[in-house]
Amino acid sequence: MALQKFLVVFVIIFVLFSCVNALSSNYYDQTCPDAESTIRQVIKKAMSNDKTVPAALLRMHFHDCFVRGCDGSVLLNSTKSNQAEKDGPPNISLHSFYVIDVAKKQIENMCPGVVSCADILALAARDVVTLSGGPYWAVPKGRKDGRISMASETRQLPGPNFNISQLQQSFSQRGLSLDDLVALSGGHTLGFSHCSSFRNRIENFDSKNDVDPTLDASFAANLKKICPVKNTTKNAGATMDTTTFLFDNAYYKLVLQKKGLFSSDSNLLTNSRTKTLVSNFANSQHEFFKAFADSMIKMSSITGSGQEIRRDCRFVN
């Protein structure tokens, strides 16, 4: 009898804890009803001043969720005693943190101590996609901000040279499927990459080939011109697809044409399931948009061990 009572109490506590920590699309409806519209206006203004903001914030959200869950840990600054995620090798090129700072400041003035930095980043990622011509989705909210951020943990991020097995493992460890992998790879429709992320494909590829044979020859030749062996151009690189600032399905069409920039892009064609999805998304932007929105909701719901609502997104309370 005592055991039964204990189990009942345990279940009640577990359910209450789950409810408290559950994400909800209407989480701030009562406590900060203007949060989403405020963030959206900040994003609009930032995009009008800098066309690279959408790609930056979308990538920032990915990198946040793939390390410790979506807890805003990527936003924390390094300290004298700790190098934070944003200073880890894969994150050195992340930028536009100021946009999150501006949104946070405005929201703190309206609703102090209510909206987490992790939620602001998740909403910003949705808004940059929608405002770039992509889909809209209701973002689940209620994340808490984490207090731990370590550069060493950025090694967990999937790299541009990953093969399909490595990509599948990286995503499955976070509860994401092969379908999610292909849909979320479509985020590469926005943005730009430095030569260092794809140089391995156009120079000394392997013992038999200087250039990756899975690359379209004319595309590879063009990349070689952009990124010569003795490159002296600062920030040299290439756009991720032909419609750099438009969120569309052009990325998948290029992957099918063997013009995917990263090895990880081309490797989506090495698995029958992922290849089929690449083809489906190349043929139907509507299908891609629906899949991307669903996978973003799934990815952004990877909860971390967040414990607080930061007052300043760059520092723990």
Side-chain angles (χ1 to χ4, degrees), residues 21 23 39 42-43 46 50 52-108 112-128 139 141-162 170-171 173-176 184 187 190-194 196-197 235 296 299-317:
N21 287 275
L23 302 182
I39 293 167
V42 170
I43 297 299
D50 182 355
T52 69
V53 162
L57 294 183
L58 182 57
R59 184 166 175 248
M60 192 185 295
H61 182 48
F62 282 153
H63 285 213
D64 184 38
C65 293
F66 267 69
V67 179
R68 293 188 165 269
C70 313
D71 66 347
S73 53
V74 75
L75 303 171
L76 287 170
N77 281 358
S78 294
T79 63
K80 288 181 180 179
S81 59
N82 178 66
Q83 189 176 34
E85 285 173 37
K86 65 168 59 170
D87 292 318
N91 288 341
I92 291 296
S93 59
L94 287 182
H95 64 93
S96 297
F97 291 98
Y98 73 92
V99 180
I100 304 302
D101 293 336
V102 171
K104 177 63 172 174
K105 187 174 182 180
Q106 290 190 18
I107 288 176
E108 282 297 301
V114 173
V115 182
S116 68
C117 298
D119 275 350
I120 291 173
L121 181 53
L123 287 162
R126 188 272 313 277
D127 288 344
V128 295
V139 175
K141 297 170 287 290
R143 299 165 191 77
K144 294 293 189 291
D145 294 322
R147 294 178 56 84
I148 299 170
S149 181
M150 295 187 286
S152 59
E153 293 186 342
T154 60
R155 286 185 293 229
Q156 301 170 18
L157 290 166
N161 299 325
F162 271 23
S170 178
F171 275 66
Q173 286 172 347
R174 292 157 179 84
L176 300 171
L184 293 173
L190 296 175
F192 170 93
S193 172
H194 292 104
S196 57
S197 293
N235 295 325
M296 282 295 286
M299 183 195 74
S300 72
S301 299
I302 301 172
T303 53
S305 55
Q307 302 170 348
E308 63 186 23
I309 306 294
R310 277 181 226 141
R311 290 184 290 272
D312 184 323
C313 292
R314 293 174 183 260
F315 307 98
V316 298
N317 290 345

D64 vs L75, side-chain contact (heavy atoms from CB on, under 4.5 Å): CA-CA, chis, key distance, verdict
CA-CA 8 Å; D64 184 38; L75 303 171; over 6 Å; no
CA sep, side-chain torsions, deciding dist, call: K141, V115, side-chain contact (heavy atoms from CB on, under 4.5 Å)
CA-CA 9 Å; K141 297 170 287 290; V115 182; over 6 Å; no
Trace of the side-chain contact (heavy atoms from CB on, under 4.5 Å) decision for I39 with I107
CA-CA 8 Å; I39 293 167; I107 288 176; 3.5 Å; yes
Start with the C-alpha distance between S93 and R59, add both sets of side-chain angles, then the distance that settles side-chain contact (heavy atoms from CB on, under 4.5 Å), and finish with yes or no.
CA-CA 10 Å; S93 59; R59 184 166 175 248; 3.0 Å; yes
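By the salt bridge (Lys or Arg N to Asp or Glu O under 4.0 Å) test, D145 pairs with no residue at all, sequence neighbours left out. By the salt bridge (Lys or Arg N to Asp or Glu O under 4.0 Å) test, D71 pairs with no residue at all, sequence neighbours left out. In this structure S300 satisfies the side-chain hydrogen bond (donor to acceptor under 3.5 Å, both in side chains) test together with R143, sequence neighbours excluded. Every side chain to side chain contact (heavy atoms under 4.5 Å, CB included) that S301 has, sequence neighbours left out, goes to L23, P140, I297. In terms of the side chain to side chain contact (heavy atoms under 4.5 Å, CB included) criterion, residue partners of A56 (sequence neighbours excluded) are, by chain and number, H95, S96. Here R126 pairs with E36 under the salt bridge (Lys or Arg N to Asp or Glu O under 4.0 Å) rule; sequence neighbours left out. For I309, the side chain to side chain contact (heavy atoms under 4.5 Å, CB included) partners two or more places apart in sequence, or in a different chain, are K104, S116, K144. Residues meeting the side chain to side chain contact (heavy atoms under 4.5 Å, CB included) test with I148, sequence neighbours left out: R68, M150. Among residues two or more places apart in sequence or in another chain, the side-chain hydrogen bond (donor to acceptor under 3.5 Å, both in side chains) test is passed with D50 by T52.
The ring pair (Phe, Tyr, Trp, His ring centres under 6.0 Å) pairs that include a residue from residues 53-87 are F66-F171, where partners are two or more places apart or lie in different chains. Sorted by first and then second residue, the salt bridge (charged side-chain N to carboxylate O under 4.0 Å, His left out) pairs with a member in residues 299-317 read D101-R314, R147-E308; sequence neighbours excluded. Note on residues 79-99: no pairs pass salt bridge (charged side-chain N to carboxylate O under 4.0 Å, His left out), not counting sequence neighbours.
Counting heavy atoms from C-beta outward, Q307 and V316 have side chains that stay 4.5 Å or more apart. Contact annotation: the side chain of D119 never approaches that of V139 to less than 4.5 Å [non-hydrogen atoms, C-beta and beyond]. Between L157 and F162, every side-chain heavy-atom pair lies at or beyond the 4.5 Å cut-off.
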